[in-house]
Amino acid sequence: MTSLSTAPVDSAHQHSQQQPDTVLSALRNPRQLKTEILAGLVVALALIPEAISFSILAGVPPQVGLFSSFVMAVTIAVVGGRPAMISAATGAIALVIAPVAHEYGLDYFIATVILAGLLQIVLALLGVAKLMRFIPRSVMTGFVNALAILIFTAQLPHLFGDDIPWIVYPLVVVGLAIMVLVPRLTTVIPAPLIAIVLLTGAVLVSGWKLPNVSDQGELPESLPALFIPDVPLSVETLQIIAPYAFAMAIVGIMESLMTAKLVDDITDTHSNKTRESWGQGIANIASGFFGGMGGCAMIGQTMINVKQSGARTRISTFLAGTFLLILVLALGDIVGLIPMAALVAVMIMVSVATFDWHSIRPTTLRLMPWSETAVMLVTVIATVATHNLAIGVVLGVITAMILFARRVAHLVLIEKVWETDVDGDGTIDIRRYAVKGELFWASSNDLVYQFDYAGDPDTVIIDLTAADIWDASTVAALDAVQSKYSARGKEARIIGLDGASLQRLERLSGKLGDGH
């Protein structure tokens, strides 16, 4: 996963408008078709180690993650809304539903994946894609940073324990060094794949006895078959899996839509976010019924596909899943020999690349409003404490709303001035209150205490020319102000409103004075 900021313009970006963006146009263009095929192969190679690692992270056999990555990539290539985006088994999803596998077993785990897919389709039909605009960037940053922390902490059991050989530690260090240095020399072959191949070769040549992938469970030897989870269709089952399924649905849609937005920016194209949302649901349902762990869009693999390889169509996504299955079935015995130290190194590198380091730089923290930093910290702390990304995001959004309401509430000003007017009975004193700002539940709560009911003259004008009314709480507060003056035999007239604010006051109150 990379930073969520807009990617810089590169060569792929500059030529995006000249490259075909449909399957038919790519098929008619041999050069672009070659690009799509090679991109699919490179992504498939990059998917293998992460699919296995995420399976282990979720507490299920490696084949569950591999099958999921194959089914999701192939399915989303057809039903997804963002061409060239890669969806497969991910660390975010693994973290959310791992407790189900640990506590209830594989059948409940798969049932959770299927229910999550159904919920994603429902959420898509309800317009959840449009709600993504209300998630602040500070929450997204906290989401990314929390995900990085959880991925890193999930590797600790493979590094610390009585049965961990000492040679594991230098192997992990060497693996990290390879993944840092190789991209400076070439990006043709994914650095994680090079690290895995070299470390596996070193272990096999030396004869070291280390924990490997085959120790985590059996790898697939045949095509995925239909899998119907053996769970009772009861309310009790629903109570067990529903919370995890809902969390998975939210996290999956959130990460997928953020990735789609990133690809939109890189390619200067627009994707259908609603279609992407229900497409993710269909892909997760298909993944579950073929024994997969489900997933969502992968930012890292998508960047490999779009930025580094230049893919622009669904062909690369479809071939990524197809090549993945072919490689696993043909090289399954070799994959089982991969030492866990190599995969731990890969996942540590994933967590380092996922974390938004810019967000914690001293210069950033000094320039950023404290409220933004507070929202990010709430999201991170809540997510890490609960191991539930959905809870962290919800609490982060709530915190952002409260702090925003508090900040806006303090922007309301009330100026008091004395005036005189002449009518048929002579000169009269008038107190004018000029209210400026946005009036809603947070800013209007103290409105009734800003008026001098006893000391004001018989005529009071509340001028709302520079204010806006947004809710019933404000209307109720204004009604209370007028009622307090009326009880003292005084008249409080509200003036200056127009448009939607006036309509709200008239509809909700019906107690307006003259002179609107």
Test V64 against F109 for side chain to side chain contact (heavy atoms under 4.5 Å, CB included), laying out the working first. CA-CA 11 Å; V64 176; F109 181 87; 4.3 Å; yes
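- Judged by distance alone, the side chain of T90 and the main-chain N or O of G295 form no donor-acceptor pair under 3.5 Å.
- Between V460 and Y433, the closest side-chain pair of non-hydrogen atoms falls below 4.5 Å.
- With rounding to the nearest 0.5 angstrom, the OG1 atom of T399 is 10.5 Å from the CG atom of L377.
- L47 contributes atom CG, which lies 10.5 Å from atom OG of S68 (distance to the nearest 0.5 angstrom).
- A distance-only check finds a donor-acceptor pair linking the side chain of T302 to the backbone of I86 [under 3.5 Å].
- Residue F152 places its CZ atom among 12 or fewer non-hydrogen atoms of other residues, nucleotides or ligands, all under 6.0 Å distant.
- Among pairs with a residue in residues 274-283, none fulfils salt bridge (charged side-chain N to carboxylate O under 4.0 Å, His left out), at least two apart in sequence or across chains.
- With sequence neighbours excluded, the residues forming a salt bridge (Lys or Arg N to Asp or Glu O under 4.0 Å) with E415 are K436, listed by chain and number.
- Side-chain atoms of T75 do not come within 3.5 Å of backbone N or O of M72 as any donor-acceptor pair.
- Of the possible donor and acceptor atoms, none in the side chain of S271 sits under 3.5 Å from a partner among the backbone N and O of G81.
- Among residues at least two apart or in separate chains, there is no salt bridge (charged side-chain N to carboxylate O under 4.0 Å, His left out) pair with a member in residues 90-109.
- Side-chain contact check for I461 versus I430: some heavy-atom pair is nearer than 4.5 Å.
- For D264, the salt bridge (Lys or Arg N to Asp or Glu O under 4.0 Å) criterion is met by R82, K273, not counting sequence neighbours.
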Test side-chain hydrogen bond (donor to acceptor under 3.5 Å, both in side chains) on S138 and T141 and set out the steps. CA-CA 5 Å; S138 53; T141 303; over 6 Å; no
One pair to check against side chain to side chain contact (heavy atoms under 4.5 Å, CB included): F355 and I149. What are the steps and the verdict? CA-CA 8 Å; F355 198 92; I149 293 171; 4.2 Å; yes
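- Under the ring-ring contact (aromatic ring centres under 6.0 Å, His included) criterion, F289 pairs with no residue, sequence neighbours left out.
- A distance of 6.0 Å separates CD in Q482 from CD1 in I462, rounded to the nearest 0.5 Å.
- For residues 237-281, there are no ring pair (Phe, Tyr, Trp, His ring centres under 6.0 Å) pairs, not counting sequence neighbours.
- Partners of H102 by side chain to side chain contact (heavy atoms under 4.5 Å, CB included), not counting sequence neighbours, listed by chain and number: A98.
- Using a 4.5 Å heavy-atom cutoff, the side chains of M340 and I56 are in contact.
- Here the side chain of S287 pairs no donor or acceptor atom with the backbone of A283 at under 3.5 angstrom.
- Among residues at least two apart or in separate chains, ring pair (Phe, Tyr, Trp, His ring centres under 6.0 Å) pairs with a member in residues 468-501 are Y453-Y485.
- The heavy-atom pair separating L57 from Q155 by the smallest distance is CD1-NE2, 4.3 Å.
- R314 places no side-chain N or O within donor-acceptor distance of the main-chain N or O of P83, the cut-off being under 3.5 Å.
- Looking at every heavy atom in both residues, V172 comes nearest to V344 through CG2-CG1, 4.4 Å.
- Looking at every heavy atom in both residues, A146 comes nearest to V380 through CB-CA, 4.0 Å.
- Rounded to the nearest 0.5 angstrom, L126 CG and S277 OG are separated by 11.0 Å.
- A search for side chain to side chain contact (heavy atoms under 4.5 Å, CB included) contacts involving S486 returns nothing, not counting sequence neighbours.
- In L233, the CG atom is not crowded: 12 or fewer heavy atoms of neighbouring residues, nucleotides or ligands sit closer than 6.0 Å.
- Closest approach of V96 and M248 over heavy atoms only: CG1-N, 3.6 Å.
- Annotation: K416, atom NZ; neighbour count of heavy atoms from other residues, nucleotides and ligands within 6.0 Å is above 12.
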Using the rule given for side chain to side chain contact (heavy atoms under 4.5 Å, CB included), can you reason through S359 versus N145, listing the C-alpha separation, both sets of side-chain angles and the distance that settles it, and then say yes or no? CA-CA 9 Å; S359 66; N145 291 346; 3.1 Å; yes
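- For residues 456-478, the set of pairs meeting the salt bridge (charged side-chain N to carboxylate O under 4.0 Å, His left out) definition, not counting sequence neighbours, comprises R431-D456, R432-D463.
- Tested against L478 for a side chain to side chain contact (heavy atoms under 4.5 Å, CB included), the candidates L497, V435, I494 yield a single pass: I494.
- A side-chain donor-acceptor contact under 3.5 Å links T474 to the backbone of L439.
- Put simply, the side chain of S501 never gets that close to the backbone of D498: no donor and acceptor are under 3.5 Å apart.
- Of all heavy-atom pairs between G392 and T383, the closest is CA-OG1, 3.1 Å.
- Residues M293 and S55 are in side-chain contact: their nearest non-hydrogen atoms beyond the backbone lie under 4.5 Å apart.
- Between S256 atom OG and I76 atom CD1 the span is 7.0 Å, to the nearest 0.5 Å.
- Annotation: salt bridge (charged side-chain N to carboxylate O under 4.0 Å, His left out) contacts involving residues 362-381, sequence neighbours excluded, are absent.
- Using modelled atom types and a 3.5 Å distance limit, the side chains of D429 and T459 yield no donor-acceptor pair.
- Within the 4.5 Å cutoff, side-chain heavy atoms of M401 are placed close to those of V397.
- The closest side-chain heavy-atom distance from P362 to L365 is not below 4.5 Å.
- For the pair V78/I282, no side-chain contact is recorded, criterion being any heavy-atom separation below 4.5 Å from C-beta on.
- In plain terms, the two heavy atoms of C296 and I93 that are nearest each other are SG-CG1, 4.0 Å.
- Under the 4.5 Å side-chain criterion, counting only non-hydrogen atoms from C-beta, I398 is not in contact with V378.
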Side chain to side chain contact (heavy atoms under 4.5 Å, CB included) between M254 and F143: does it pass, once the steps are laid out? CA-CA 10 Å; M254 184 182 307; F143 169 86; 4.1 Å; yes
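- With sequence neighbours left out, S69 forms a side chain to side chain contact (heavy atoms under 4.5 Å, CB included) with A51, A88, A89, L324.
- Between the side chain of T364 and the main chain of I360, no donor-acceptor pair closer than 3.5 Å is present.
- Rounding to the nearest 0.5 Å gives a distance of 11.5 Å between NZ of K484 and CZ of F451.
- Of the possible donor and acceptor atoms, one in the side chain of N284 sits under 3.5 Å from a partner among the backbone N and O of Q280.
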